[in-house]
Each structure stands twice: as structure tokens, then as C-alpha cells.
Amino acid sequence: MTQQPPSRMPSLALPGIEEYAEAHTSAEPAHLLALAEETRRLSPDARMMVGQLEGRFLTFLVAMLRPSHVLEIGCFTGYSALSMAEALPEGGRITTLDISPEHAAIARRHISTSPYGDRIEVRLGPALDSIAALGGPFDLVFIDADKANYQNYFEAVLPKLSAHGVIAVDNVLWTGRVLDDAGGDDDTRAIQAFNRAIVADPRVECVMLTVRDGLTLIRKR
């Protein structure tokens with residue numbers, strides 16, 4: 001069996017399907033290619049980068065929603081924030097949160113040299129503290145951080161979501177481990193519990209997409 005490169009998650013689709021989808025999706029701009037190349041050297045952390053397919057999806061989502069204020073929980077090296085910044089309307093902004101000084105430093109460097117440096121603010125520190133300090137409203141929230149706090153992040157941002165806002169939650173399929181009825185590790189159990197809670201929550205409606213490692217879109221009823 002061919003070993004997966006460290007920057008790619010195990011595919012949930014038929015062999016070759018994700019590569020086919022990437023080949024038939026618009027290419028990343030040069031500044032994202034440079035960031036992706038640097039991020040891939042952070043093995044094994046490189047697998048946390050959303051990559052071309054999901055990055056282009058986020059760009060498309062922002063283009064459709066036209067959000068004034070985007071909140072990202074889990075900046076990593078800035079690939080997803082820069083993907084979303086491409087499609088922001090005039091005056092739109094992104095606040096992105098992370099707890100890792102190393103990752104935030106890479107993100108800030110690439111953001112500052114991109115065409116979108118004035119649209120993105122990187123905040124360092126525990127995400128729940130940062131969210132509490134932000135007033136909102138948020139038109140789009142992208143959650144891609146520690147899995148144990150997914151439900152806490154959701155509860156923290158829901159009251160600050162605009163009337164037509166959307167929450168996008170990454171890794172909800174967790175490379176297929178959500179199908180493990182035995183529960184598996186703590187992260188798997190946390191994602192399973194989150195998925196159960198969201199689909200049963202009367203305050204919201206959701207759709208789970210099989211993009212890359214699973215992406216759930218949530219909006220208020």
C-alpha cells in the first residue's frame with residue numbers, strides 16, 4: 001500500500017477520488033501555494049491544514065454569504081483565513097483565533113505579505129476567552145480547533161451569530177472514526193457527541209457534507 005504523504009489525511013472516498021476532485025477545482029493563488037509548501041514541512045501537524053479542496057470551498061462559501069465579520073476558531077498557519085479573505089466584500093474582516101505562538105507567527109507572516117493583510121486579525125490565547133471578549137455579530141464562524149471544546153465553541157458563538165449567519169464545523173467525520181460504536185479515543189467521542197447534539201438541537205438546522213474530513217454547516221431556525 002502506498003503511504004500517504006504527511007500533509008494529506010487518509011481519504012474517506014474511493015482511491016483517487018479526492019485527487020480527481022482537486023484536479024477539477026480551481027487552483028490556489030500563489031500566496032497560498034507558498035504557505036501550503038511551508039506548512040507541509042510541519043509534519044505531523046501539516047495534516048491540520050484544510051488544503052486546496054476545502055480551502056476553495058471556504059472561498060466559495062464566503063462569496064455566497066458576503067459576510068461582514070468572519071470568526072475563525074483555529075487559525076493554524078493561516079491557510080483557511082487567507083482562503084476566506086479572498087472573497088470578503090468591501091469592508092469585510094476576519095478575526096482568527098489560535099493558542100500556538102509558533103503557528104500564529106507563521107500565519108501572521110504570510111497574512112502580512114498577502115493581498116489581504118488589512119482584513120485579518122490574529123488573536124492569540126484560549127479561544128473561549130477570546131470569544132467572550134468579542135462582541136459580534138458574526139456572519140460566518142469556522143470551527144476547526146480542539147475537538148473536546150467543539151460543543152463549548154458552538155454554545156459560545158451561537159448567541160453572537162447574526163440572523164442569517166452560518167457556522168461551519170470541520171473534521172466532523174474524523175477520518176471515518178465516527179462510525180466506531182466503541183467510541184475510540186477522546187477526540188472521537190467528543191466529535192460523536194457533538195454531531196449527536198447538533199442534529200438534535202431544536203435551535204438550529206444542519207447539513208453534514210463529505211468534503212475532505214467532513215464539514216457541517218449550521219444555521220439558526
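Residue numbers run from 1 in the order of the sequence given.
- Looking at Asn171, its side chain never comes within 3.5 Å of a backbone N or O of Asp213 through a donor-acceptor pair.
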Criterion side-chain contact (heavy atoms from CB on, under 4.5 Å) on Thr25 and Phe60, from CA distance to verdict
CA-CA 11 Å; Thr25 294; Phe60 224 88; over 6 Å; no
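- Remark: Arg221 engages no residue in a salt bridge (charged side-chain N to carboxylate O under 4.0 Å, His left out) (not counting sequence neighbours).
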Given side-chain contact (heavy atoms from CB on, under 4.5 Å), test Leu82 with Ile120 step by step and report yes or no.
CA-CA 8 Å; Leu82 282 168; Ile120 305 173; 3.8 Å; yes
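- With hydrophobic clusters built from ILVMFWY side chains whose heavy atoms lie under 4.5 angstrom apart, Leu58 shares a cluster with Met64.
- Rounding to the nearest 0.5 Å gives a distance of 9.0 Å between CD1 of Ile94 and OG of Ser83.
- Side chains of Glu38 and Thr77: a donor-acceptor N/O pair is absent below 3.5 angstrom, by distance only.
- Between Ala148 and Ala190 the shortest heavy-atom distance is CA-CB, 3.9 Å.
- Hydrophobic clustering, with ILVMFWY side chains joined whenever heavy atoms are under 4.5 angstrom apart, groups Leu61 together with Leu209.
- Qualifying ring pair (Phe, Tyr, Trp, His ring centres under 6.0 Å) partners for Tyr20, counting only residues two or more places apart in sequence or in other chains: His24.
- No option in Leu97, Leu158, Ile143 other than Ile143 meets the side-chain contact (heavy atoms from CB on, under 4.5 Å) test with Tyr153.
- Of all heavy-atom pairs spanning Ala81 and Glu72, the tightest one is CB-OE1, 3.4 Å.
- Among residues two or more places apart in sequence or in another chain, the salt bridge (charged side-chain N to carboxylate O under 4.0 Å, His left out) test is passed with Lys147 by Asp144.
- The two residues Arg219 and Gly165 make their nearest non-hydrogen contact at CB-O, 3.7 Å.
- In this structure, the separation between CZ on Arg40 and CG on Leu35 is 9.5 Å, given to the nearest 0.5 Å.
- Considering all non-hydrogen atoms of both residues, Ala63 and Ala87 come closest at N-CB, 3.6 Å.
- Closest of all the heavy-atom pairs between Ala36 and Glu28 is CB-OE2, 4.4 Å.
- In this structure, Ile111 and Arg108 have side chains that are not in contact, with every pair of non-hydrogen atoms separated by 4.5 Å or more.
- Applying the ring pair (Phe, Tyr, Trp, His ring centres under 6.0 Å) rule to pairs touching residues 191-221 yields Tyr150-Phe194, sequence neighbours excluded.
- Note that CG of Leu173 and CG of Leu179 are 8.0 Å apart. Values are rounded to the nearest 0.5 Å.
- Residues in residues 200-221 take part in no ring pair (Phe, Tyr, Trp, His ring centres under 6.0 Å) pair, two or more places apart or across chains.
- When the side-chain contact (heavy atoms from CB on, under 4.5 Å) test is applied to Val157, the partners found at least two apart in sequence or on another chain are Leu71, Ile73, Ile131, Val141, Ile167.
- Judged as a ring pair (Phe, Tyr, Trp, His ring centres under 6.0 Å), not a single pair has a partner in residues 198-221 (not counting sequence neighbours).
- The number of heavy atoms from other shown groups lying within 6.0 Å of CZ (Arg109) is above 12.
- For Glu155, the salt bridge (charged side-chain N to carboxylate O under 4.0 Å, His left out) criterion is met by Arg203, not counting sequence neighbours.
- Scored by the ring pair (Phe, Tyr, Trp, His ring centres under 6.0 Å) test, Phe57 finds no partners at all (sequence neighbours excluded).
- Gln52 contributes atom CD, which lies 10.0 Å from atom CG of Leu32 (distance to the nearest 0.5 angstrom).
- Side-chain contact between Leu42 and Glu102 is present, with heavy atoms from C-beta onward closer than 4.5 Å.
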Pair Arg177, Asp187 - check salt bridge (Lys or Arg N to Asp or Glu O under 4.0 Å), show working.
CA-CA 10 Å; Arg177 282 175 281 176; Asp187 283 340; over 6 Å; no
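- Partners of Arg56 under the salt bridge (charged side-chain N to carboxylate O under 4.0 Å, His left out) rule, at least two apart in sequence or in another chain, are Glu86.
- In this structure, Ile106 is not a member of the same hydrophobic cluster as Leu124, with clusters built from ILVMFWY side-chain heavy atoms closer than 4.5 Å.
- A ring pair (Phe, Tyr, Trp, His ring centres under 6.0 Å) check over residues 99-149, counting only residues at least two apart or in different chains, returns the pairs His31-Tyr116, His69-Phe138, Phe76-His103.
- For the residue pair Val50 and Ser80, the shortest heavy atom distance occurs at CG2-CB, 4.0 Å.
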Would you please test Tyr79 and Thr39 for side-chain contact (heavy atoms from CB on, under 4.5 Å) and show each step?
CA-CA 9 Å; Tyr79 188 101; Thr39 302; 5.8 Å; no
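- Salt bridge absent: Asp170 and Arg212 never bring a charged side-chain N and a carboxylate O closer than 4.0 Å.
- Considering CD of Glu205 and NZ of Lys220, their distance stands at 13.0 Å, rounded to 0.5 Å.
- Looking at Asp98, its side chain never comes within 3.5 Å of a backbone N or O of Ala104 through a donor-acceptor pair.
- By the criterion of side-chain heavy atoms lying less than 4.5 angstrom apart, applied directly or through intervening Ile, Leu, Val, Met, Phe, Trp or Tyr residues, Val169 is not grouped with Leu53; the two fall into different hydrophobic clusters.
- Asn195 places a side-chain N or O within donor-acceptor distance of the main-chain N or O of Val172, the cut-off being under 3.5 Å.
- Atoms OG1 and CD, from Thr188 and Gln192 in turn, are 6.5 Å apart once rounded to the nearest 0.5 Å.
- The stretch residues 113-132 participates, sequence neighbours left out, in these salt bridge (Lys or Arg N to Asp or Glu O under 4.0 Å) pairs: Glu121-Arg123.
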